[in-house]
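Heads up, the thing below is written out as structure tokens.
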There are 2 protein chains.
Amino acid sequence: MPDFEHIFRPIRGRRSFEEVAVSIKELVFDGVLQVGDRLPSEIQLAKQFNVGRQTIREALRLLELSGFITIQRGGGGGATIKNTILSRISDLFLDAFRMGMVPIEELTQARLEIEKVVLHYAIQNADGEDLRLLQENVDRARKKIKKNIRATEENFEFHTLLARASKNRIFVIVVESIMAIHGNYISRVGFDLEVSRNVVTFHEAILKAIKRKQRKRAVDLFTEHMLDVRDRLQSLVEQENSERRFSGDRAGILP
Amino acid sequence: MPDFEHIFRPIRGRRSFEEVAVSIKELVFDGVLQVGDRLPSEIQLAKQFNVGRQTIREALRLLELSGFITIQRGGGGGATIKNTILSRISDLFLDAFRMGMVPIEELTQARLEIEKVVLHYAIQNADGEDLRLLQENVDRARKKIKKNIRATEENFEFHTLLARASKNRIFVIVVESIMAIHGNYISRVGFDLEVSRNVVTFHEAILKAIKRKQRKRAVDLFTEHMLDVRDRLQSLVEQENSERRFSGDRAGILP
DNA sequence: TCACATTTGTCCGTATGTATC
DNA sequence: AGATACATACGGACAAATGTG
């Protein structure tokens, strides 16, 4: 494929803040700048790149939103090289969902299918450390449940740990993104203690099957688990929709 | 799950350009602003939000990078509401790949597994329009090949069309993101006419199997196709690596 | 073709808030 | 508490791009 990215670029001449951002990005790609390194202050950067501070500010904004740097205010602050790209991807997925680009049913369906694949690879590739982390996770969750506390965080983490165990980072990104949306959704509608207990029980059974390399049993359990979650989500969605149906519509444009 | 997003927010008080960006985002989510609508000029916005123009500019930068608006310079230009979130997600995936966060093998593996699922759903859900577009795609590709022209664009489009036919938008996002990386990679190393011809032949066979609802044959063909692509990519990667191994390392920091 | 108006892009100076020492 | 360093934000100005008459 011809490199459209580069061939078609000059249609709109790059803005200088983009030039600045790209050259800093290149330094990160090339390893000259590494995570933890601090960039000079805005004024310094403006001098070195021979541009105004506004240009530098917009370049930093671009890098910040692309997950390359974080910025701290105050003395000794400034821009620090970080890698929060994955977090940014999740943010955008969340936006896409909020834009109504992805209905909840498709989200759950995709999650089920992708996690089934993940489970397959996890059974194949999980090492001792992965199994230890998963076991620790369900133990912590069970302990909370016994104290009548919902183990929501642990229950989410279980899926992340599973994705990690698959040893494929694309799966980790995708699973985390989808779960960020699910998590955001559930945080709005709320799951109760009973559901949380149920989820933990499923997770314990799934982990046991993984350890015994019982592939079919693990997948069956997982499918049942996800369909259960789907149904609960579905009813919550319908409930929320019917509640919102008659709440007056808002008016007014830009303050 | 407690809503960390909102609970932990005030750790770092929101900056005003973020406030501005969020309130415009809300207007888009609520449908008050729709795709195609144009925002007032920066100066107008500054007046209406009662902030400086610099603040507005950084807010617009945020919206632009989040895929909510595009910006044109010059008379009659300005910010227009668009939806390019998916394109932004692909960009970030590309960055993640360039950061070395995802080796090419994991990428190809994930693509194979996810596209297998996609294929499954496509056979189940593809309607007449989907099949027409796919047929048109392979016809165009075959025509090019006969003229000894590589059908690279068509060959990429085939996978996008397949994802669309699955009727699940998450699959579309994921497939397009992964293919953006593959495409970028292939554009650097280059596939020749022979490979392109081979790919088209595979696509024709796969489409035929889809039309006949021969699920197993379609999956088998697809797997063979992807493994073929994987091997070709793999050898190209090794070739490029060995070439780069002795190219001098660059020096110098910030111009 | 040529001005003209509009709008973004960029720069500078200055003031304020905030975190560190 | 005070000094320092830095991002944040404001206002004014000019340059560059782009569509319009």
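Just so it is clear: chains get the letters A, B, ... in the order the sequence lines come, proteins before strands, and each one is counted from 1.
B/Q54 places its CD atom 8 Å from the C1' atom of D/dT8, with the value rounded to the nearest Å. Rounding to whole angstrom units, CD of residue A/E64 and P of D/dA7 are separated by 12 Å. At whole-Å resolution of the value, CD1 in B/I43 and P in C/dA5 are 15 Å apart. Here the P atom of nucleotide C/dT20 and the CD atom of A/Q72 are 7 Å apart, to the nearest Å.
Side-chain proximity of A/R15 to the nucleotides C/dC11, C/dG9, D/dT8 is greatest for C/dG9. Set against C/dT8, D/dA9, C/dC11, the side chain of A/V51 has C/dC11 as its closest nucleotide. The side chain of B/R61 approaches C/dG9 more closely than any other nucleotide in the set C/dG9, C/dT8, D/dT8.
B/G75 comes within contact range of at least one nucleobase, with a heavy-atom separation under 4.0 Å. Among the heavy atoms of the strands lying under 4.0 Å from A/G74 is at least one base atom, whether or not backbone atoms are also near.
Residue A/R57 has no polar side-chain atom (N or O) positioned under 4.0 Å from OP1 or OP2 of D/dC6. Of the side-chain N and O atoms in B/T55, one or more sit less than 4.0 angstrom from OP1 or OP2 of D/dC10.
Between A/H203 and A/F158, the angle of the ring planes stays under 30°, which puts this pair in the parallel group of the 30/60° scheme.
Each of A/R53 and B/A79 lies near DNA chain C, and the nucleotide nearest B/A79 is the one positioned closer to the 5' end. Position along DNA chain C of the nearest nucleotide to A/G76 versus A/E58 favours A/E58 as the more 5'-ward residue. Each of B/G77 and A/G77 was assigned the nucleotide of DNA chain D with the nearest heavy atom; the assignment lying further toward the 5' end belongs to A/G77.
Aromatic pair B/F49/B/F17: centroids not less than 6.0 angstrom apart.
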